[in-house]
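Heavy atoms only: backbone and side chains are in, while hydrogens, waters and symmetry mates are out.
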Amino acid sequence: MGTRVIQWATGAIGKTTLRAVLDAPDLDLVGLYVYGDRKAGRDAGDIARRDPTGVVATRDVEAILALDADVVIHAPRLRPDYGAHDDDICRLLRSGKNVITTVGHHYPAPDRRAKFERAGRDGGSTLFGVGVSPGVIGERLTVALSGVAVRLDRIEIDEVLDASAMPDPDFVFNVMGMGSSSVDVSATFDELYSETLHFMADALGVTYDRIEPDHHLEFAAADLSVAAGVIPAGTVVATEWRWHGILGGERFITLSIIWTMDPKLPRYAGRDHWTIRMHGRPGVVMTLNLVEPDEPGVRTTAAQYVTAGPVLNAIPLVVAAPPGILRPTVFGAWS
């Protein structure tokens, strides 16, 4: 038997990881938790467009907790209340299951960190939060890139995401805040991405004076039809969540997370998916772009793959890690 895996949730990312688990010879699916009645009672293979597995999806949390498993791939939807999934994560940890989650939790603030560490000690289990952003772009790639610097003055990270093809109205309109007259979900992203900023500061050996939010909204000039519905004229069509980590009174790290429902807007047209700019000696610019798969019949997007990949590749490390919260290390960062 390979590593025993429970898949928690089967949205876009959850189905991507579920398929990968079913396809992997060294992973064995032993449980599947779903949120909706429409999926409950169905075979995991049916949900993943794979052959039958004998594993039936359930909405019964107690049944999931009772299973013997090495790791839970925890991939629910991010909610406006950032801590909405904390109780589930702690219960899974206390039940003796390692948890890899895609909804933040990769570097919790001290007051939240303590409860996850306590739950991990109680269950002899490990929590690892990962995705691509947050999880890889700032925490791994940027920190690693800093190691080429003799002098490091400032870091800027830009993410520009075309969100127009996202099909889920609840996520687009209620979580992302698109189509509203104003956005009141910034607190969610403040908490989520502050973990990236603090992780990077600790990895680079610095302590911020403070973190300054610097957010911006773009509004639709006319009604805009997207996959999730219609963005009415005069409502939010793009969000720019931006934070500056201030060090010695100056901006040291700037993190910009930009999501647009209209990629043709001049402000965003032609920009790379991610740009990392490092000012110092030497100056460095790194750009990254996703390439969509061209396999016939494949519906999974590059964004789904790039989020699922770090989860799947972390499984052996998380299973082998000591109880608590796993923090990835980068060798030779600037300091």
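- Counted by atom type alone, H106 and E139 present one or more donor-acceptor pairs between their side chains at under 3.5 Å.
- D28 contributes no side-chain N or O that, together with a main-chain N or O of T3, makes up a donor-acceptor pair within less than 3.5 Å.
- Side chains of D86 and H105: a donor on one and an acceptor on the other come within 3.5 Å.
- Looking at D70 and R4, a side-chain N of the basic residue comes within less than 4.0 Å of a carboxylate O on the acidic one, giving a salt bridge.
- For the residue pair D202 and Y107, a side-chain donor N or O sits within less than 3.5 Å of a side-chain acceptor on the partner.
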Would W243 and Y193 satisfy ring-ring contact (aromatic ring centres under 6.0 Å, His included), going step by step from the backbone distance to the final call? CA-CA 9 Å; W243 303 266; Y193 286 102; 5.5 Å; yes
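- Side-chain atoms of E292 and Y305 form no donor-acceptor pair, as typed in the model, at a separation below 3.5 Å.
- A salt bridge is defined here as a Lys NZ or Arg NE, NH1 or NH2 lying under 4.0 Å from an Asp or Glu carboxylate O, and R267 with E240 meets this definition.
- For the 3.5 Å distance criterion, the side chains of H279 and E156 qualify, holding a donor opposite an acceptor.
- Checked by atom type, the side-chain pair S164/D162 shows a donor-acceptor distance below 3.5 Å.
- Following chains of ILVMFWY side-chain contacts shorter than 4.5 Å, one can reach L265 starting from I258, so the two form part of one hydrophobic cluster.
- The closest side-chain donor-acceptor pair between E195 and Y82 falls under 3.5 angstrom.
- In summary, D153 and R251 do not engage in a salt bridge, as defined by a charged side-chain N under 4.0 Å from a carboxylate O.
- A cation-pi contact links R327 to F199, judged by a cut-off of 6.0 Å to the six-membered ring centre and 45° from its axis.
- For the pair D68 and K97, the salt-bridge criterion is not met [side-chain N within less than 4.0 Å of a carboxylate O].
- I64 and I89 fall within a single hydrophobic cluster, where Ile, Leu, Val, Met, Phe, Trp and Tyr side chains are chained together by heavy-atom contacts under 4.5 Å.
- Partner of R79 under the side chain to side chain donor-acceptor pair (under 3.5 Å) criterion, out of T188, D170, N174: D170 alone.
- Note on L317: it does not cluster hydrophobically with V319, by side-chain heavy-atom contacts below 4.5 Å among ILVMFWY residues.
- Relative ring orientation between H85 and Y35 is described as perpendicular, the plane-to-plane angle rising above 60° on a 0-90° scale split at 30° and 60°.
- Checking H244 against E212 by side-chain atom types alone, no donor-acceptor pair falls below 3.5 Å.
- Note on M178 and V175: same hydrophobic cluster, where clusters join Ile, Leu, Val, Met, Phe, Trp and Tyr whose side-chain heavy atoms are under 4.5 Å apart, directly or indirectly.
- Between E117 and R112 there is no salt bridge, since no side-chain N of the basic residue sits under 4.0 Å from a carboxylate O of the acidic one.
- Transitive grouping of hydrophobic side chains (ILVMFWY, heavy atoms separated by less than 4.5 Å) keeps L326 and V99 in distinct clusters.
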